[in-house]
Amino acid sequence: MSAKTKKQPRPKARLPRGFTDRTAADIRATDEMMGRIRAVFERYGFDPVETPAFEYTDALGKFLPDQDRPNEGVFSLQDDDEQWMSLRYDLTAPLARHVAQNINRIALPYRTYRAGWVFRNEKPGPGRFRQFMQFDADTVGAPGVQADAEMAMMMADTMEALGIKRGDYVIRVNNRKVLDGVMEAIGLGGEDNAGRRLTVLRAIDKLDRLGIEGVRELLGEGRCDESGDFTPGAGLDRKQIDRILSIIAAARIHKEPDGSKKSQNTVDFLLERFSDTKLGLEGLRELGAIGALVEASDYASDRIIVDPSVVRGLEYYTGPVYEAELLFDVVNEKGETVQFGSVGGGGRYDGLVKRFTGQDVPATGFSIGVSRLMSALKNLGKLGTDEVVAPVLVTVMDGDTEALGRYQQMTQKLREAGIRAEMYQGNWKKFGNQLRYADRRGCPIAIIQGSDERAAGKIQIKDMIEGRKEAAAIESNEEYRAARPGQIEIDQDDLVAEVMKLLAAQAGG
RNA sequence: GCGGGCGUAGCUCAGUUGGUUAGAGCGCUGGAUUGUGGCUCCAGAGGUCGGUGGUUCGAAUCCACCCGCUCGUACCA
């Protein structure tokens with residue numbers, strides 16, 4: 001036996017991990033969601049703009065393309081001119097590139113939105129994919145906190161446009177300057193401590209999952225998880241830890257529902273204790289201004305609140321940061337309760353355009369995790385309830401060209417009347433298979449015309465839904481096959497009218 | 001990265017103390033029941049037993065290493 005006759009191994013039908021196929025229901029649900037989000041953004045006066053999935057790697061971030069791969073975390077490849085290109089990992093960095101490149105043509109402040117797939121080359125997990133969709137809005141060239149306040153309000157409106165009730169979500173607002181100020185005050189300022197500051201921020205970011213005690217461990221010596229793995233901490237002493245914990249606890253202290261003053265109370269509380277650095281004071285004043293702005297439009301207390309524990313994407317944010325959080329529990333397919341937490345967030349990134357142009361172009365924006373939010377909404381029953389009706393199936397009794405032409409003509413007539421319709425394309429010789437197909441596909445109606453009906457100028461139309469009910473009572477096979485449940489005979493000239501009538505009756509009942 | 005669990009047909013799994021051509025159910029395809037969804041019956045396709053090396057007369061089974069999946073943890077501009 002030569003190698004030629006040896007069977008070649010077949011490729012395995014499998015997806016790269018962290019990627020997923022989208023079903024018809026997912027696609028339709030996403031389209032519906034995106035339509036609602038878009039309507040809100042348009043109403044706020046934002047215009048769409050789109051950038052491609054690939055960017056030159058240096059435009060995305062901070063990398064040196066002189067290694068085998070520019071950076072973990074992004075998918076990169078080398079173009080035929082040996083330049084490194086990467087798939088975008090968010091929509092903000094490409095927007096900064098677009099604005100920098102077209103700065104002379106764009107009227108600032110530039111209010112813009114876009115949706116698109118982003119890619120992260122990271123280890124995936126449940127609900128975490130390596131390709132997912134984001135929907136972003138940004139205001140570029142707006143230095144004032146009113147732009148940040150408006151973003152938070154638009155996020156709130158978007159949540160409600162998606163059917164999430166007030167009280168089922170909250171927009172939390174913080175300011176990076178506040179935490180930076182505190183860290184400066186406890187001796188973590190300066191270049192030397194950049195690494196420790198990052199460790200501190202990461203520890204705070206885990207508050208939701210690990211609780212206050214877990215964060216305390218991570219701020220100190222470190223934490224040992226249940227698998228025995230040890231995470232080194234920031235190595236702060238007790239006084240420093242208490243100082244940081246007291247600020248992130250401030251939001252909880254002011255959780256009593258005493259109405260619209262909540263955010264102002266939090267800010268006042270923080271001003272009393274944490275205004276010992278210039279940076280921190282500036283941050284708190286900005287937070288106070290945002291609180292006053294959202295309160296003026298009546299978004300305070302139950303929709304947008306100040307919360308000093310919000311950290312967000314650490315690298316490029318320079319001022320206010322905000323995060324949309326779902327407050328209800330979601331039960332997944334396995335019946336487990338999942339806390340969805342953050343479904344979107346953003347903040348001010350004053351330095352991103354400057355990377356390209358050297359000029360200050362302050363900007364603020366946010367991103368909605370469409371895929372994540374969709375699975376939450378799906379579980380909540382807010383989407384996919386009104387299903388698309390499957391097509392009417394025109395069955396095939398005779399497979400010669402002339403007969404096929406007649407069936408095709410019926411199908412076209414239905415389509416011309418605006419009815420979803422298809423002619424059976426499988427093995428027509430097994431009529432049972434045709435109805436089985438119609439059944440599984442969820443077809444509402446099957447159209448049947450054999451030689452008997454044709455000779456009489458008739459057509460049988462079968463109500464698949466009614467037929468299923470009637471068939472359930474039948475036991476013997478002979479009877480079952482003879483019964484033709486749910487079926488009526490009509491004049492073939494009345495096909496379209498009768499189908500429309502039946503569809504309307506099904507939709508009504 | 002680190003730690004735990006798991007790899008046999010498209011899916012869910014069985015496979016004796018190591019023993020001959022590796023099985024089942026579901027699904028798929030074709031057929032029977034005059035031209036009707038469920039039911040029943042017949043037939044068929046589908047497997048480098050995750051990979052490589054070793055022990056052995058003989059390995060899906062035992063050993064080593066590797067790979068993959070999965071859960072936790074870390075990372076996530």
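Computed from heavy atoms alone, side chains included, the values below leave out hydrogens, waters and symmetry copies. Chain naming here is simple, since letters A, B, ... match the order of the sequence lines and numbering starts at 1 in each.
- For B:G37, its base never sits under 3.5 Å from the side chain of A:Lys469 at any donor and acceptor pair.
- Each of A:Asp90 and A:Ile474 lies near RNA chain B, and the nucleotide nearest A:Ile474 is the one positioned closer to the 5' end.
- When the P atom of B:U36 is taken as reference, atom OH of A:Tyr480 falls 11 Å away, rounded to whole Å.
- Using a cut-off of 4.0 Å between Lys/Arg side-chain N and Asp/Glu carboxylate O, A:Lys177 and A:Glu286 are scored as salt-bridged.
- Using P as the reference atom, B:G54 and B:U61 are 14 Å apart when rounded to the nearest Å.
- When the P atom is used for both B:C66 and B:G25, the distance is 40 Å, rounded to whole Å.
- Ring orientation note: the planes of A:Phe119 and A:Phe75 are nearly perpendicular, at an angle over 60° on the 30°/60° scale.
- Within the structure, side chain to side chain donor-acceptor pair (under 3.5 Å) contacts touching residues 393-404 of chain A (residues at least two apart or in different chains) are A:Glu402-A:Arg406.
- Separation of the C1' atoms belonging to B:C11 and B:C28 is 12 Å when rounded to the nearest angstrom.
- Contact record, A:Thr112 with A:Phe46: N-CD2, 3.2 Å, taken as the closest heavy-atom pair.
- Comparing the same atom, P, in B:A9 and in B:A22 gives a spacing of 14 Å after rounding to whole Å.
- Using atom P as the reference point in both B:U29 and B:G15, the two lie 31 Å apart (nearest Å).
- Residues in residues 495-508 of chain A take part in these salt bridge (charged side-chain N to carboxylate O under 4.0 Å, His left out) pairs, two or more places apart or across chains: A:Glu498-A:Lys501.
- Nucleotides B:C63 and B:C6 have their P atoms positioned 13 Å apart, rounded to a whole Å.
- Between the side chain of A:Glu470 and the base of B:G37 there is no donor-acceptor pair of N/O atoms closer than 3.5 Å.
- For the P atoms, the distance from B:C57 to B:C49 is 23 Å, rounded to whole Å.
- Residues A:Ser342 and A:Arg172 have side chains that never bring a donor and an acceptor to within less than 3.5 angstrom of each other.
- Considering only heavy atoms from C-beta on, A:Phe356 stays 4.5 Å or farther from A:Gln101 through its side chain.
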**Asked** Along nucleotides 25-31 of chain B, 5' to 3', which nucleotides get a B, which get an S, and which get a -, given that the test is a protein heavy-atom distance under 4.0 Å?
**Response** ---SSSB
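- Donor-acceptor pairing under 3.5 Å, judged by distance alone, is present between the side chain of A:Gln487 and the base of B:U36.
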**Asked** Which dot-bracket string fits RNA chain B when only Watson-Crick or G-U wobble pairs with both atom distances under 3.5 Å count, crossing pairs get [ ], and | stands for a partner on a different strand?
**Response** (((((((..((((.....[...)))).(((((.......))))).....(((((..]....))))))))))))....
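- For residues 424-433 of chain A, the set of pairs meeting the salt bridge (charged side-chain N to carboxylate O under 4.0 Å, His left out) definition, not counting sequence neighbours, is empty.
- Distances shorter than 4.0 Å separate none of the side-chain N or O atoms of A:Arg484 from OP1 or OP2 on B:U36.
- For B:C67 and B:U52, the P atoms lie 15 Å apart once the distance is rounded to whole Å.
- If you find the closest nucleotide of RNA chain B to A:Arg120 and to A:Arg17, the one lying nearer the 5' end belongs to A:Arg17.
- The side chain to side chain donor-acceptor pair (under 3.5 Å) pairs that include a residue from residues 438-449 of chain A are A:Glu422-A:Arg441, A:Tyr437-A:Arg441, A:Asp439-A:Arg468, A:Gln449-A:Gln492, where partners are two or more places apart or lie in different chains.
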